[in-house]
Amino acid sequence: MSIYRTIVVGTDGSDSSLRAVDRAATIAAQENAKLILASAFQPHVEKGSWSRPPSHDHVVDTRAADTLKGESYKVHGAAPVYEILQVARDRAKAVGAKDIAEHAVEGAPVDALVKLATEVKADLIVVGDIGLDSVAGRLLGSVPATIARRVKIDILIVHTAD
């Protein structure tokens, strides 16, 4: 019997977070566990309707944005959050993970990971170590440290620095 049945790993598409995906996928493959790839996003109001920030792929048809509200980012298959998840899925498959799910979760990274891990009854959360050694991380709290305070499951902090 495996120790972990459901593993959640967060990614923002950075090299650091993809290293955490690689480690989570390796564990999922070894444990024959379900791997859930998560990427947080934050919609914002632009000219009275919900859409992605101008620097991202966003809904051009404002009627769709008005109708879809917070779901308007789904209109384009090339939305950044889905590109991030697809890259993560490809890497996880390459490492040997078989049972993979992707979740775009609205909210700040910590809130999104904690919410998702709770919903899916995860046994393990995998995160990169970005922020642990920074001044801001020590003063404000890093993603790994904040998650550790909010959940009662195992957390693997992957050292992602070169």
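- Note that CZ of R89 and OG1 of T11 are 13.5 Å apart. Values are rounded to the nearest 0.5 Å.
- Closest non-hydrogen pair, V81 versus A104, comes out as CG2-CB, 3.8 Å.
- Applying the side chain to side chain donor-acceptor pair (under 3.5 Å) test to D111 and every residue at least two apart in sequence or in another chain returns R150.
- Between R149 and T146, the side chains place a donor N or O and an acceptor N or O closer than 3.5 Å (distance only, hydrogens not considered).
- Closest non-hydrogen pair, A112 versus A40, comes out as CB-CB, 3.8 Å.
- Taking the side-chain contact (heavy atoms from CB on, under 4.5 Å) definition, one finds that T118 meets it with V114, sequence neighbours left out.
- The two residues A29 and A97 make their nearest non-hydrogen contact at CB-N, 3.9 Å.
- Rounding to the nearest 0.5 Å places CD1 of I7 at 9.0 Å from CG of L156.
- For the side-chain contact (heavy atoms from CB on, under 4.5 Å) test, residues two or more places apart in sequence or in another chain that qualify with D154 are Y4, L124.
- Interatomic distance, K115 NZ to H103 NE2, rounded to the nearest 0.5 Å: 11.5 Å.
- Applying the side chain to side chain donor-acceptor pair (under 3.5 Å) rule to E119 yields no partners; only residues at least two apart in sequence or on another chain are considered.
- For R23, the side chain to side chain donor-acceptor pair (under 3.5 Å) test picks out no residue, with sequence neighbours left out.
- Side-chain atoms of T6 do not come within 3.5 Å of backbone N or O of D123 as any donor-acceptor pair.
- Between the CD1 atom of I125 and the CD1 atom of I147 there is a distance of 5.5 Å, given to the nearest 0.5 Å.
- No single ILVMFWY cluster, assembled from side-chain heavy atoms under 4.5 Å apart, contains both V21 and V95.
- In this structure, CD in E102 is found 10.0 Å from CG in L35, a value given to the nearest 0.5 Å.
- Note on I153: it clusters hydrophobically with I36, by side-chain heavy-atom contacts below 4.5 Å among ILVMFWY residues.
- Taking both residues in full, the closest heavy atoms of R91 and R19 are given as NH2-N, 4.5 Å, listed atom of the first, atom of the second, then distance.
- Qualifying side-chain contact (heavy atoms from CB on, under 4.5 Å) partners for K98, counting only residues two or more places apart in sequence or in other chains: none.
- Scored by the side chain to side chain donor-acceptor pair (under 3.5 Å) test, D12 finds S14, S17 as partners (sequence neighbours excluded).
- Taking D99 as the reference, K34 meet the salt bridge (Lys or Arg N to Asp or Glu O under 4.0 Å) condition, with sequence neighbours excluded.
- Partners of A20 under the side-chain contact (heavy atoms from CB on, under 4.5 Å) rule, at least two apart in sequence or in another chain, are V9, V126, V158.
- Looking at every heavy atom in both residues, S39 comes nearest to I84 through OG-CG2, 3.8 Å.
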